[in-house]
Undergrad: 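To start, I am sharing the structure in question, which I have written as structure tokens.
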Amino acid sequence: MKIIIAGASISGMAASCVLGAAGHEVHVYERLAGRLQDRGAGLVVHENLIADVTGRPSGALGAMTVTGRRVTVETESGAISRQDHPATFGSTTWNGLHRHLTRSQSAPVTSGVAVAGVSDAGDHVEVRLSDGTTDSADGMILADGYGSRLRSLVDPLAEPPHYEGLILLRSVMPESACPPEFHAAFFDDAMHLHNRPGAYGLMYTTPGPGGVAEPGRRTANAGMYLPLTQELLETAFMSTDGTLRNTVPAGAWRPGAAESLTGHLDEDWDVTIRHALLWGLRHGTLMGSAIHTFRPSRIAHGRIALVGDSGHATSPITGAGSAAALKDALALGAALRTCASSDVGSVFDAYNRERLDSVQSLVDVGRAWSRDFLTAGVTPEDPPIVLASAVRQP
């Protein structure tokens, strides 16, 4: 079978890996020209899952190993509790995972050409491209991200993206910028988590540029979730030309906006979270994202399927977005193997049955965590769901 994939991001490359390994002809169209850039700094990963997608040995990605969680819970009264919990997972960067997936697949990727339209002709799909040409295939996979303009072809009843009332601030600090007195705290192979009423921060280390994980060349990836009303969002995330943005790239904040959002980073914060975010503020590398989610009613219809953020957007607070995209790809592969019919529609229908409940549940979990961890009344004995779940995870 021939499959066209719209989008060469993580979900598109993962689908290409699995479909190509199964012997299918794949062609990928990516609307952006050139190399895709980092879209979120660090990622939590499980290398066995990546190995299943790529067919390469576990460990080939070169992720760093996180062996513990250092959890700080701060109450409204100012009492602070600190606990250590074991953990076993990997950490990498968006660039690192994307590069690994791209190198693990062999399909041609046409950059700078978007899929402008798709029509299901019954026994194949006709694809209209932004350069004025057309293509055709047995099936179409939309991996064109959260802002997909073609999602309605599969899910016309999908709810519109919902702003969760939260933003995420991110900073990536090179190891060379870490003060000697804080080095041991930063590079202790642990994920640092800090919750106080009204904010939730985290920090873990990731490989440096090019995927290098050797000491001296690593990076510290810090993030903080903050509540922000729609009114304040429209102030802080407004561009200079008056456009409301979902993300604010490094160096693109309105004057005073980033300083206002980080003004509460006092000495009681975990030193790694505080220092890395303030370093990003001082050096113009602080990034911001408004957290939007949407819950699909289906992720495949006829000869067209959705994978990754095109089909389901969950809060990054779950730490499961990239894993969900990889699981989508594996579910496509499983559907191809188990369907008696080689008809793409039957394969995609099986994929929808396999994944829909899981991705809907993931969106629901992210929404529940987003609501819960910012509520007042947090105590060390009754931590927010996101922390309670984190310390129980393997």
Side-chain angles (χ1 to χ4, degrees), residues 41-42 44 68-85 87 162-171 185 190-204 220-237 248 253 256-281 286-293 314-320 363-393:
V44 170
R69 291 181 176 88
R70 313 206 75 174
V71 178
T72 301
V73 177
E74 188 174 347
T75 68
E76 286 190 303
S77 66
I80 297 176
S81 170
R82 293 186 173 90
Q83 302 173 4
D84 289 342
H85 299 269
H162 174 259
Y163 174 54
E164 293 296 314
L166 302 172
I167 64 167
L168 171 60
L169 301 178
R170 287 184 182 265
S171 175
M191 173 181 280
H192 294 238
L193 304 168
H194 189 136
N195 184 220
R196 66 165 50 167
Y200 171 65
L202 71 162
M203 191 289 304
Y204 53 94
N221 175 76
M224 178 169 292
Y225 292 88
L226 297 171
L228 208 63
T229 64
Q230 183 70 38
E231 180 180 4
L232 291 175
L233 178 73
E234 291 173 2
T235 299
F237 277 56
V248 180
W253 292 96
E259 289 80 2
S260 175
L261 293 170
T262 55
H264 68 289
L265 282 168
D266 56 41
E267 297 290 340
D268 288 333
W269 274 98
D270 178 288
V271 67
T272 67
I273 297 169
R274 177 177 181 271
H275 188 85
L277 288 170
L278 291 179
W279 184 92
L281 176 66
L286 193 71
M287 303 169 281
S289 300
I291 307 304
H292 288 80
T293 67
T314 188
S315 171
I317 198 170
T318 64
V363 173
D364 293 341
V365 166
R367 288 176 172 178
W369 287 9
S370 296
R371 289 190 302 268
D372 181 77
F373 84 83
L374 293 174
T375 58
V378 169
T379 68
E381 294 74 30
D382 185 24
I385 296 173
V386 63
L387 287 183
S389 299
V391 299
R392 288 197 298 265
Q393 290 174 0

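Scope of the values below: all heavy atoms of this structure, side chains included, with no hydrogens, waters or symmetry mates.
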Undergrad: Between Leu233 and Ala290, what is the shortest heavy-atom contact and its length?
TA: CD1-CB, 3.8 Å

Undergrad: Quick check: does any side chain N or O of Tyr225 sit under 3.5 Å from a backbone N or O of Ile291, one acting as donor and the other as acceptor?
TA: no

Undergrad: Within the distance-only criterion (no hydrogens, no angle test), does the side chain of Asn195 pair as donor or acceptor with the backbone N or O of Ala199 below 3.5 angstrom?
TA: yes

Undergrad: Using every non-hydrogen atom in the two residues, find where Arg196 and His264 come nearest and quote the distance to one decimal.
TA: NH1-O, 3.6 Å

Undergrad: List in chain and number order the residues that pass salt bridge (Lys or Arg N to Asp or Glu O under 4.0 Å) with Asp364, two or more places apart in sequence or in another chain; answer none if no residue qualifies.
TA: Arg295

Undergrad: Nearest 0.5 angstrom please: Met287 CE to Leu168 CG, how far?
TA: 8.5 Å

Undergrad: Less than 4.5 Å apart, side chain to side chain, heavy atoms only: is that true for Arg70 and Arg82?
TA: no

Undergrad: Are the side chain of His192 and the backbone N or O of Val271 linked by a donor-acceptor pair below 3.5 Å?
TA: no

Undergrad: Do any N or O atoms from the side chain of Thr262 and from the backbone of Ala258 form a donor-acceptor pair under 3.5 angstrom?
TA: yes

Undergrad: Return the OG1 to CE distance between Thr272 and Met203, rounded to the nearest 0.5 Å.
TA: 3.5 Å

Undergrad: Apply side-chain contact (heavy atoms from CB on, under 4.5 Å) to the pair Leu228 and Tyr163, showing each step before the final yes or no.
TA: CA-CA 10 Å; Leu228 208 63; Tyr163 174 54; 3.5 Å; yes

Undergrad: Determine whether a donor-acceptor pair (N or O, by modelled atom type, separation under 3.5 Å) exists between the side chain of Ser171 and the backbone of Ala276.
TA: yes

Undergrad: Can you see which heavy atom on Ile80 is nearest to which on Glu74, and at what distance?
TA: CG1-CG, 3.8 Å

Undergrad: Are side-chain heavy atoms of Val365 and Thr314 found at a separation under 4.5 Å?
TA: no

Undergrad: Give, for atom CG of Leu232 and atom CD1 of Ile167, the distance between the pair rounded to the nearest 0.5 Å.
TA: 9.5 Å

Undergrad: Checking the side chain of Thr318 only, and the main-chain atoms of Ser315 only, is there a donor and an acceptor separated by less than 3.5 Å?
TA: yes

Undergrad: If every non-hydrogen atom of Leu286 is compared with every non-hydrogen atom of Leu281, which pair is closest and at what distance?
TA: CB-N, 4.2 Å

Undergrad: May I ask you to decide if Leu265's main-chain N or O and Arg274's side chain share a donor-acceptor pair within less than 3.5 Å?
TA: yes

Undergrad: Return the CD1 to OG1 distance between Ile273 and Thr72, rounded to the nearest 0.5 Å.
TA: 7.0 Å

Undergrad: Does atom CD of Gln230 have more than 12 heavy-atom neighbours, drawn from other residues, nucleotides or ligands, at distances under 6.0 Å?
TA: yes

Undergrad: Which atoms form the tightest heavy-atom contact between Trp253 and Leu261, and what is the distance?
TA: CZ3-CD1, 3.7 Å

Undergrad: Please name all residues satisfying ring pair (Phe, Tyr, Trp, His ring centres under 6.0 Å) with His275, sequence neighbours left out, ordered by chain then number.
TA: Phe182

Undergrad: Quick check: closest heavy atoms across Trp269 and Tyr200, and the distance to 0.1 Å?
TA: CH2-N, 4.4 Å

